[in-house]
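One structure is given here, and the rest of the page talks about it.
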There are 2 protein chains.
Amino acid sequence: MHPADAEPIAHYADMFAAMGTESRLRIMQLLLSAHPEGLVVGEIQAQLGLSASNLSHHLDKLKNEELVAVQREGTFLRCRANTAALQRLLAFLYAECCQRSCAVSPKSILKPAS
Amino acid sequence: MHPADAEPIAHYADMFAAMGTESRLRIMQLLLSAHPEGLVVGEIQAQLGLSASNLSHHLDKLKNEELVAVQREGTFLRCRANTAALQRLLAFLYAECCQRSCAVSPKSILKPAS
DNA sequence: TCTATGTTTCCATAGTAATAGAAATACAGA
DNA sequence: TCTGTATTTCTATTACTATGGAAACATAGA
């Protein structure tokens, strides 16, 4: 779907959209906390209390944007945050805010917001 | 709508959602490039080729999430990127990826992605 | 006050997203 | 092969989002 995107800005927008829901942002947060082991689908479901099918759709979206990678482990499916994609997204945002313009000072992002 | 949000994760999700569209991400990019002067609505419209009403709706969403601030200048409305909000968002993402977990190395976001 | 210009609001529509119950599929173990 | 558990896919529903034309509103200037 996004094979070496010729128009990357749309791809970044899709990544933001993928994290633009409380459920999915919590999934990412959970997977980052559990990184690099990750969590199996059932563990995520237990933590967040989503229905199985709803969670499956959310994971689908995150997989499509390559924010989450999934690997089978017997009858379980283990999910991990894709750190390379997150790094690209963070680098994009950093570049836009701190490099292209000097709108945000690099040091300020190290602090837990004022 | 977001008065000192008691449950901040939902607020961050809303901010990501606000940037989760190519049109709106381009608007932010444009405003960051023009920072701190910003641009008036008509200039944004000319650059992006959106219909006036569509642009107005997008700006509304960005204003709601406090990513854009608007100020009247005669018959024009000048829009600026809200750097404080962007800083908070970037800090949140940085904290999740580089501090809470060590999923992404801080240095790697300085580079234009591999 | 009238006019011109910039911008929003109203209205409508097509498309997409979030949600969930039930059925189907995948795998492990007996 | 049968059974149980994990997860997805199917089907459906409700809600939201992106979009734009037309009308309304705001401001400046004549």
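Reminder, nothing fancy here: chain letters follow the sequence lines and each chain counts from 1.
Checking the phosphate oxygens (OP1, OP2) of D:dT17, no side-chain nitrogen or oxygen of B:His58 falls inside 4.0 Å. OP1 or OP2 of D:dT8 has at least one side-chain nitrogen or oxygen of A:Ser56 nearer than 4.0 Å.
For A:Thr21, counting side-chain heavy atoms from C-beta on, the closest listed nucleotide (C:dT19, C:dT8, C:dA18) is C:dA18. Here the side chain of B:Ser51 is nearest to one of D:dG20, D:dT8, C:dA18, namely D:dG20. Distances from the side chain of A:Val40 to the nucleotides C:dT9, D:dA28, D:dT7 place D:dT7 closest. Among the nucleotides D:dT9, C:dG6, D:dA18, the one closest to any side-chain atom of B:Asn54 is D:dA18. Closest contact between the side chain of A:Leu77 and the listed nucleotides D:dT8, D:dA28, C:dT8 involves D:dT8. Nearest to the side-chain atoms of A:Ser53 among the listed nucleotides C:dC27, C:dG6, C:dA20 stands C:dA20. Each of C:dC10, C:dT7, D:dA18 was ranked by its minimum atom distance to the side chain of B:Arg24; first place goes to D:dA18.
Heavy-atom minimum distance, B:Glu96 versus A:Leu32: O-CD1, 3.8 Å. Contact detail for A:Ala81 and A:Met28: the closest heavy-atom pair is CB-CE, 4.2 Å. The minimum heavy-atom distance between A:Leu77 and A:Arg72, with the atom names listed, is CD2-CA, 3.7 Å.
At whole-Å resolution of the value, CD in B:Gln45 and C1' in D:dT19 are 13 Å apart. Rounded to an integer number of Å, the gap from A:Gln71 CD to D:dT8 P is 14 Å. Across the protein-nucleic acid pair, A:Phe76 atom CZ and C:dC27 atom P stand 14 Å apart, rounded to whole Å. Straight-line distance from the CG atom of B:Leu48 to the P atom of D:dA18: 15 Å, rounded to whole Å. What separates CZ of A:Arg78 from C1' of D:dT8 is a distance of 19 Å, to the nearest Å. For the pair B:Ile44 CD1 and C:dT8 P, the interatomic distance rounds to 9 Å; values are reported in whole Å. Across the protein-nucleic acid pair, B:Glu73 atom CD and D:dA26 atom C1' stand 15 Å apart, rounded to whole Å. In this structure, the CG atom of B:Asn64 is 15 Å from the C1' atom of C:dT9, given to the nearest Å.
Contact annotation: the side chain of B:Val40 approaches that of B:Glu43 to within less than 4.5 Å [non-hydrogen atoms, C-beta and beyond]. The side-chain heavy atoms of A:Ser33 and B:Arg100, taken from C-beta on, include a pair separated by under 4.5 Å. Using a 4.5 Å heavy-atom cutoff, the side chains of B:Leu90 and A:Cys98 are in contact.
Using a 4.0 Å cut-off between charged side-chain N and carboxylate O, A:Glu65 and A:Lys61 make no salt bridge.
In this structure, the helix from C:dT1-D:dA30 to C:dA30-D:dT1 shows an angle of 20° between the axis at its start and the axis at its end, each fitted on 5 base pairs and rounded to 10°.
Nearer the 5' end of DNA chain C, as judged by each residue's closest nucleotide, is the contact made by A:Lys61, out of A:Arg72 and A:Lys61.
Using cut-offs of 30° and 60° for the angle between ring planes, the B:Phe92 and B:Phe16 rings count as tilted.
Residue A:His57 is classed as a base contact, given a heavy-atom separation below 4.0 Å to a base.
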